[in-house]
Amino acid sequence: MAAMRHDLQRLCEASWRLFAEATKDEQHRLAERFLSVLGWHDPDPVALLPFGSALPTVSYVLQVGDSPTMAAHFLAPGLLQPPSLQATRGLDFCEVTRELVDITGAMGAQYAFITDLQKSCLYDAENDELLLRADIPAEFTREFGNVLTLDEVAAGSLEDIRRQPCSMLARQLREWCQRWSDILVRQARMAEDKAQLALDRLLVLRYLFYHDILDPEDWNLEGRVADLLMKALSPQPGGTGWQLRQLFSDLWNDWRAEIFAPDAAVDEILQHDRIAVPMLREYALLSQGKFTLPTILESFNYGEAAEKARVRTIPEEQPARNALLARQTSATAHSVRMELDINEEGYRTIFHWFDKLIDLYDRMDVEFRTQSRRDTGVLRGLDLLDFGKSPGGADGSDKFRYAVENGLVIYYATPRQQRTARILLYLHLIACYEESGERFTGFPSLRSALQPRPRLLDTDRQRIYSPPESYDEWEVI
């Protein structure tokens with residue numbers, strides 16, 4: 001193994017400059033010699049032109065078993081940016097690796113190995129994830145040497161590579177958002193809260209892209225976002241900013257997503273290509289793993305200790321709330337209003353009690369239908385929420401909308417808590433619609449759900465005015 005690593009390092013150091021000046025046949029010979037050191041003999045060359053790419057690469061499909069396992073792409077020096085430089089900006093790709101990973105997925109291969117014989121990257125194309133990177137041959141032989149050999153791949157080495165933890169992805173996402181927030185404040189003279197709103201929109205948009213719940217007969221969100229990012233990455237990106245502004249406007253007009261509602265300060269800045277184009281180019285170079293709900297939540301784990309705790313706090317069962325839910329009937333469930341205190345309970349309480357409220361609606365809907373059948377002998381074509389009488393969902397009423405607009409009050413104590421809670425509520429709603437298969441007709445209004453925290457809540461009064469515990473009741477240990 002040590003000899004193989006030594007041979008690889010010498011080959012990379014000797015060949016990477018030659019690769020740029022070599023003919024196509026010579027490039028193939030150099031690439032195949034590199035692969036043969038790793039045990040891959042007679043690899044299958046593949047052209048990228050049928051995939052719509054004009055990148056000057058020498059590419060191969062490497063196969064273990066009956067299906068393609070990995071695509072190996074060899075680039076001339078100068079095309080591949082230093083992976084460590086991308087990492088310092090919170091990015092997972094450069095424009096070249098982004099294109100090659102997409103092509104690898106279209107080939108049906110799960111992994112993409114990309115190298116210019118000096119710098120190297122390994123991606124999981126199926127999961128859109130950077131696995132390994134190296135800036136110099138010595139680093140490549142240290143990080144990649146035991147992973148890419150034919151024998152090791154056949155034994156499952158690619159599946160065994162340790163994936164980046166959620167905390168690392170969240171930190172990179174937070175740093176990217178903060179860097180662009182600073183750019184918007186400094187270069188575009190935006191107020192900080194407006195800059196944060198612009199970034200919040202991008203977070204929700206990307207999450208919605210991966211969990212598209214919009215009616216495909218009326219909308220093609222995937223196509224619109226893909227066209228927007230391709231335009232930003234193209235040599236002629238003029239009009240990208242206006243296209244972004246129009247997408248935000250349509251999400252508000254057609255789906256009533258208040259986070260995209262017209263905002264003169266944000267819309268005026270983002271419509272300019274000098275801001276929108278570089279921001280969207282980098283936005284396209286962030287991996288899918290950065291836009292999961294746990295990662296986005298964890299990205300707010302910074303700053304003061306109390307706010308960090310609110311991100312990590314696991315909701316506790318509340319006997320009073322559980323009792324409230326337990327005693328409801330189909331005649332009363334519609335009037336339940338759950339009050340949550342972000343300041344004391346943390347952010348995860350939103351998911352926990354929202355889901356409990358939906359469970360209540362589902363149970364009461366079954367009770368309502370059973371009672372209706374018992375009373376009339378037929379199942380009536382209406383449900384619990386149709387006339388604001390009770391929760392349910394069969395005939396056009398929307399239990400998720402009802403929960404947000406009528407069943408929840410989420411108290412926030414600071415603008416940061418309001419911002420975080422709003423993003424998380426949007427993401428959780430999107431996930432609920434997708435998982436349930438409920439028909440989505442538009443986002444509920446969040447105005448009644450998100451409220452400033454009063455100086456004293458009922459829970460505060462109970463804690464303040466409850467009689468003190470008697471020390472006589474404590475157990476002596």
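Just so you know, residue 1 is the first one in the sequence shown, and it goes up from there.
In this structure, Arg98 forms a cation-pi arrangement with Phe93, its terminal cationic atom sitting closer than 6.0 Å to the ring centre and no more than 45° off the ring axis. Geometrically, Arg89 does not engage Trp176 in a cation-pi contact, judged by NZ or CZ lying under 6.0 Å from the ring centre and within 45° of the ring axis. Under a cutoff of 6.0 Å and an axis angle of 45°, Arg416 and Tyr302 form a cation-pi pair.
A salt bridge links Arg321 with Glu345: at least one charged nitrogen is closer than 4.0 Å to a carboxylate oxygen. Ion pairing between a basic and an acidic side chain is recognised when a charged N comes within 4.0 Å of a carboxylate O; Arg179 and Asp182 show no such pairing.
Applying the side chain to side chain donor-acceptor pair (under 3.5 Å) criterion to Glu129, with sequence neighbours excluded, gives no partner residue. Applying the ring-ring contact (aromatic ring centres under 6.0 Å, His included) criterion to Phe19, with sequence neighbours excluded, gives no partner residue. In terms of the ring-ring contact (aromatic ring centres under 6.0 Å, His included) criterion, residue partners of Phe351 (sequence neighbours excluded) are, by chain and number, His428. In this structure Ala47 satisfies the side-chain contact (heavy atoms from CB on, under 4.5 Å) test together with Pro50, sequence neighbours excluded. Here Thr88 pairs with Leu85 under the side-chain contact (heavy atoms from CB on, under 4.5 Å) rule; sequence neighbours left out. Considering only residues two or more places apart in sequence or on other chains, Arg174 meets the side chain to side chain donor-acceptor pair (under 3.5 Å) condition with none of them. Residues satisfying the ring-ring contact (aromatic ring centres under 6.0 Å, His included) criterion with Tyr60, sequence neighbours excluded, are His28. Scanning for side-chain contact (heavy atoms from CB on, under 4.5 Å) contacts around Ala106 gives Phe51, with sequence neighbours left out. Applying the side-chain contact (heavy atoms from CB on, under 4.5 Å) rule to Phe209 yields the partners Glu222, Val225; only residues at least two apart in sequence or on another chain are considered.
Annotation: side-chain hydrogen bond (donor to acceptor under 3.5 Å, both in side chains) contacts involving residues 45-56, sequence neighbours excluded, comprise Ser53-Glu99. Counting only residues at least two apart or on different chains, no ring pair (Phe, Tyr, Trp, His ring centres under 6.0 Å) pair has a member in residues 149-173.
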Identify each donor-acceptor pair in which a side-chain atom of residues 258-267 lies under 3.5 Å from a protein atom, sequence neighbours left out, and give them as a table.
{"from": "Glu258", "atom 1": "OE1", "to": "Leu446", "atom 2": "N", "distance (Å)": "3.2"}
{"from": "Glu258", "atom 1": "OE2", "to": "Ser445", "atom 2": "OG", "distance (Å)": "2.8"}
{"from": "Asp263", "atom 1": "OD1", "to": "Ala265", "atom 2": "N", "distance (Å)": "3.2"}
{"from": "Asp263", "atom 1": "OD1", "to": "Val266", "atom 2": "N", "distance (Å)": "3.2"}
{"from": "Asp263", "atom 1": "OD2", "to": "Lys194", "atom 2": "NZ", "distance (Å)": "2.7"}
{"from": "Asp267", "atom 1": "OD1", "to": "Arg201", "atom 2": "NH1", "distance (Å)": "3.1"}
{"from": "Asp267", "atom 1": "OD2", "to": "Asp263", "atom 2": "N", "distance (Å)": "3.0"}

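Aromatic rings from Phe140 and Phe34 are positioned such that their centres are separated by under 6.0 Å.
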Under the salt bridge (charged side-chain N to carboxylate O under 4.0 Å, His left out) rule, what do Lys308 and Glu304 come out as? Steps first, then yes or no, please. CA-CA 6 Å; Lys308 290 181 178 180; Glu304 60 173 324; over 6 Å; no
Salt bridge (charged side-chain N to carboxylate O under 4.0 Å, His left out) between Glu298 and Lys290, intermediate numbers included: CA-CA 10 Å; Glu298 180 65 22; Lys290 285 185 167 65; over 6 Å; no
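Atoms SG and CZ, from Cys432 and Phe440 in turn, are 12.0 Å apart once rounded to the nearest 0.5 Å.
Of the N and O atoms on the side chains of Asp124 and Asn127, at least one donor lies less than 3.5 Å from an acceptor on the other residue.
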